[in-house]
Amino acid sequence: MNNGYTDPILAWYEANARDLPWRAPSATPWGVLVSEIMLQQTPVSRVLPVWHEWTARWPTAAALAAEPSGEAVRAWGRLGYPRRALRLHGSAQAIVERHGGEVPSSHEDLLALPGIGSYTAAAVASFAFRQRHAVLDTNVRRVFARLLSGDEYPPKSQTKAEVAQAESVLPLDPPTAARWSVAVMELGALVCTARTPRCVDCPVLDRCTWHLNGRPAYDGPPRRGQTYAGTDRQCRGRLLAVLRQAEGPVEKPALDIVWSDALQRERALDTLIADGLVDPLEDGRYALPG
DNA sequence: TAGTCGTGGAC
DNA sequence: TGTCCAAGACT
């Protein structure tokens, strides 16, 4: 059980964990699920205010499921990747229809919900239900790459070896495994960061393979940087922002003015409609989905 | 499987 | 100032 990493990281977590509301004893499985979806590719600081709004307005899955999906998209605000709002609304409906309104506790049932992949299913089962699962997010993968493999960064896509590695150091006792998982995530978020790790604050520095090897620089293929200006994604964001801010349906010119390239604009609008994020009304106006 | 999908803060 | 990055999922 004790591999030399477990105790120092758990002790570090007890002393240094952030006081986040979805970690409070009063947090419900639904609150945990909402937080996990919002936190996908999105920093904690931006999630906090939206999470408070959501859980106050929709304290249960049933409360959200009773609303039009467009309300979820509107309340998503500027968190980004708004399809997550649609999928969270879909998850709420599925939880009501298939699970009597209670967030399911099994990894399999969680995985079957829209917008929930292997990471989020493991995270909810672990953090909300104190089960034992290997929780592999970007933080955990980076910590293990450095600590165990001696690499500055993990592979671009998750490998079976990484899963086996994570399971090999996962404490056997389920509640301890759950604390361990969140502790490693927190270590990656606060100390073992991507850009400039704060190794002086690391509780397992003397056991870190990467550090012991002299912190060799990453030598793999270049990790692609994402350009954004001028992309369809930016265009979609502009169009959807118009609809979020409007009180009701909008006329086409209100959308046209936020993006000059007509061809790209029409293409982006089509994809928003195809995604179910925008509803083209029969009178020619556009609205958030009902 | 590699591309797509938002947004904004940090350095 | 531009690049990098943030608790991924889906196709």
Side-chain angles (χ1 to χ4, degrees), chain A residues 13 17-18 20-23 27 31-51 73 76-88 90-91 110-128 133-143 152-159 162 166 178 181-190 192-198 218 221-244 258-259 267-268 270-272 274-278:
Chain A
Y13 181 73
R18 289 169 292 181
L20 301 174
W22 44 84
R23 291 177 184 164
V32 172
L33 193 160
V34 171
S35 79
E36 288 301 336
I37 302 293
M38 289 182 172
L39 286 163
Q40 292 169 0
Q41 302 286 285
T42 308
V44 166
S45 60
R46 291 174 48 208
V47 166
L48 277 169
V50 184
W51 184 88
V73 175
W76 198 252
R78 306 189 66 81
L79 280 183
Y81 294 143
R83 291 184 296 187
R84 292 184 292 169
L86 228 42
R87 291 171 181 154
L88 189 46
S91 276
L110 287 164
L111 198 55
L113 298 174
I116 297 191
S118 64
Y119 161 75
T120 303
V124 173
S126 185
F127 304 151
H133 295 278
V135 178
L136 276 174
D137 78 323
T138 186
N139 289 305
V140 174
R141 295 182 61 220
R142 186 177 56 249
V143 170
E152 184 175 16
Y153 298 114
K156 279 188 295 187
S157 56
Q158 183 177 308
T159 65
E162 286 184 272
S181 294
V182 72
V184 177
M185 286 179 65
E186 192 76 337
L187 186 66
L190 298 182
C192 196
T193 54
R195 200 87 64 90
T196 309
R198 305 177 55 186
Y218 177 79
R223 303 181 299 153
R224 85 172 199 278
Q226 45 190 353
T227 56
Y228 181 60
T231 61
D232 285 8
R233 297 163 72 177
Q234 184 183 32
C235 182
R236 284 165 54 103
R238 292 261 188 92
L239 294 172
L240 199 58
V242 172
L243 293 179
R244 274 200 315 265
V258 300
W259 199 263
R267 181 173 68 225
D270 283 344
T271 66
L272 286 170
D275 285 345
L277 285 163
V278 172

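First the proteins, then the strands, lettered A, B, ... as listed; each starts at 1.
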What is the nucleic acid contact for [X], judged by heavy atoms within less than 4.0 Å: base, sugar-phosphate only, or nothing?
X	answer
A:L272	nothing
A:G117	sugar-phosphate
A:Y153	sugar-phosphate
A:W76	nothing
A:S157	nothing
A:L240	nothing

Check this for me: does the side-chain of [X] come within 3.5 Å of the base of [N] through a donor and an acceptor?
X	N	answer
A:T42	B:dG6	yes
A:R195	C:dC4	yes
A:R233	B:dT7	no

Using a cut-off of less than 4.0 Å, is there contact between a side-chain N or O of A:Q40 and OP1 or OP2 of C:dA7?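 Looking at the OP1 and OP2 atoms of C:dA7, neither is under 4.0 Å from any side-chain N or O of A:Q40.
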May I ask you to verify if any side-chain N or O of A:R142 is less than 4.0 angstrom from the OP1 or OP2 atom of C:dA6?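 Yes.
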Whole Å only: how far is the CZ atom of A:R198 from the P atom of B:dC11?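 After rounding, the gap between these two atoms is 10 Å.
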Which nucleotide in the list C:dA7, C:dA6, C:dC10 gets nearest to the side chain of A:R87?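 Looking only at heavy atoms from C-beta outward on A:R87, the closest nucleotide is C:dC10.
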